Asks: 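The following block contains the structure, expressed as structure tokens.
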There are 2 protein chains.
Amino acid sequence: MSENKIPDIVIGRLPLYLRSLQRMQQENRIITSSQELGERLGISAAQIRKDLSLFGEFGKQGTGYNIPYLIEKIQQILHVDRVWDVVVVGAGDIGSGLARYQGFSNRGFRVAMIFDRDPLKIGAKIGNFIIQDSHNLSETIRKAGIKIAMIAVPSSEAQTVANQLIKGGVRAILNYAPISISVPPHIQIQYIDPSIHLQRMTYYLE
Amino acid sequence: MSENKIPDIVIGRLPLYLRSLQRMQQENRIITSSQELGERLGISAAQIRKDLSLFGEFGKQGTGYNIPYLIEKIQQILHVDRVWDVVVVGAGDIGSGLARYQGFSNRGFRVAMIFDRDPLKIGAKIGNFIIQDSHNLSETIRKAGIKIAMIAVPSSEAQTVANQLIKGGVRAILNYAPISISVPPHIQIQYIDPSIHLQRMTYYLE
DNA sequence: TAGATTGTTAATCGATTAACAATC
DNA sequence: TAGATTGTTAATCGATTAACAATC
């Protein structure tokens with residue numbers, strides 16, 4: 001029943017399913033199975049079926065899953081059956097990389113604007129964007145109705161920027177600064193810190 | 001007892017503990033508690049004590065944990081009480097960003113070389129690095145004894161590059177290409193894909 | 001000593017897997 | 001029909017939490 005609370009760990013796997021399915025679609029595949037999907041992702045077939053069954057019956061016994069249909073359904077579940085405008089704060093290497101990144105198309109996102117507080121950067125262009133003054137961050141994103149942000153400023157600025165974003169109506173933050181940020185419970189936050197991933201692997205190296 | 005198998009989910013939290021502890025150290029703090037650390041990270045104090053107790057007794061009853069001492073111990077556990085050379089493959093926006101990234105120092109890593117297959121890029125400089133021809137990838141990293149790699153090439157090239165890296169002796173891969181890669185069981189792999197993180201959050205937005 | 005916090009146990013909670021009836 | 005794969009249940013497995021004795 002989709003009325004029950006869905007575990008967050010299940011939500012965390014759906015984007016992986018979606019990415020693999022979209023890859024299969026690019027390979028002109030029409031049908032897949034929980035087994036094939038599981039092999040590609042290193043996840044058990046039973047778990048994939050269980051996860052999907054929390055949201056509905058998307059497959060056919062004896063046949064498997066129709067790839068375009070399952071893509072559509074997962075996109076609806078994750079609310080990426082639309083394009084979300086995203087703001088980037090910080091126009092250094094990471095921020096400019098994100099502003100130019102081609103990988104958001106077909107994933108449900110589009111960078112809409114980029115901010116920095118450095119007077120030397122404000123007004124300059126990155127791709128098609130003009131770097132805006134982060135002094136006006138809250139007001140500008142509120143007017144634009146932006147709900148999603150990526151933080152790419154130095155760690156010392158990250159909490160302040162997060163506060164401004166939340167003040168401006170942002171509901172979800174992807175933080176590239178290598179520091180924990182406090183946000184109210186209704187705000188979503190995720191982190192990207194390559195050192196964290198690397199340290200998780202070195203444990204297994206001699 | 002440290003002879004028992006440690007759950008991978010615990011290993012995944014240790015880098016977060018380490019990052020927060022290093023932040024506290026920068027704030028000139030000497031002592032912390034499982035409660036304070038938990039509040040900073042949004043993790044229960046009991047879980048932090050349980051995790052650490054899998055590796056030894058690092059605290060003092062009634063007092064808490066000595067920050068420099070606990071940092072040292074976690075660094076030893078994660079094998080980041082040294083500096084690992086890392087290779088970057090792909091000299092596009094992401095790869096060059098990684099080559100210039102200042103955030104690896106004090107975290108146990110140092111970018112040692114960067115490769116690309118584009119003749120227009122080979123020989124050019126990024127920061128202090130000269131972009132090398134990825135035709136020689138396996139041999140060069142084997143000679144240099146490099147065990148860790150970051151992949152920042154297009155998705156269509158990622159599996160091939162991973163195979164070359166493994167052939168060259170790499171044991172841990174951080175993959176920025178938005179695609180699942182197959183590796184043998186003794187190879188560590190981690191993924192960074194901002195769209196995956198964003199999609200995980202949009203589920204909770206209307 | 002009194003107060004505080006660890007380390008650890010046992011209980012609870014939640015996630016994963018195995019298995020199979022249903023059914024395409 | 002025979003073969004295949006889903007959806008779902010129940011069992012297993014593993015992770016988290018609560019609680020408190022130990023002890024600084």
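The structure presented is a predicted model; accordingly, all values stated were derived computationally and were not measured. Below, chains carry the letters A, B, ... as their sequence lines are ordered, and counting in each starts from 1.
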Asks: Is a salt bridge present between E57(B) and R49(B), judged by a nitrogen-to-oxygen distance below 4.0 Å?
Replies: no
Asks: Is R142(A) reaching over with its side chain to a backbone N or O of K167(A), donor-acceptor style, under 3.5 angstrom?
Replies: yes
Asks: Any idea how Y203(B) and H79(A) line up, ring-wise: parallel (<30°), tilted (30 to 60°), or perpendicular (>60°)?
Replies: parallel
Asks: What is the first contacted nucleotide of DNA chain D and what is the last, in 5' to 3' order, if contact means an atom lying under 4.0 angstrom from a heavy atom of chain A?
Replies: dA4(D) to dT9(D)
Asks: Give a yes or no on whether the backbone of I31(B) and the side-chain of R29(B) come within a donor-acceptor separation of less than 3.5 Å.
Replies: yes
Asks: Any ion pair linking E27(B) and R40(B) (charged N to carboxylate O, less than 4.0 Å)?
Replies: yes
Asks: I'd like to know if K147(B) and E206(A) make a salt bridge, using a cut-off of under 4.0 Å between side-chain N and carboxylate O.
Replies: no
Asks: Want to settle it: does A46(A) or G62(A) sit nearer the 5' end of DNA chain D, counting the closest nucleotide to each?
Replies: G62(A)
Asks: If you draw the axis of the six-membered ring of Y191(A), does the NZ or CZ of R19(B) fall within 45° of it and under 6.0 Å from the ring centre?
Replies: yes
Asks: Report the residue (K50(B) or P7(A)) whose heavy-atom-nearest nucleotide on DNA chain C is the more 5′ of the two.
Replies: K50(B)
Asks: Closest approach of F115(A) and D133(A), non-hydrogen atoms and distance?
Replies: CD2-O, 3.5 Å
Asks: Toss me the dot-bracket line for DNA chain C: Watson-Crick and G-U wobble, both under 3.5 Å, 5' to 3', using | for pairs to another strand and [ ] for crossers.
Replies: ..||||||||||||||||||||||
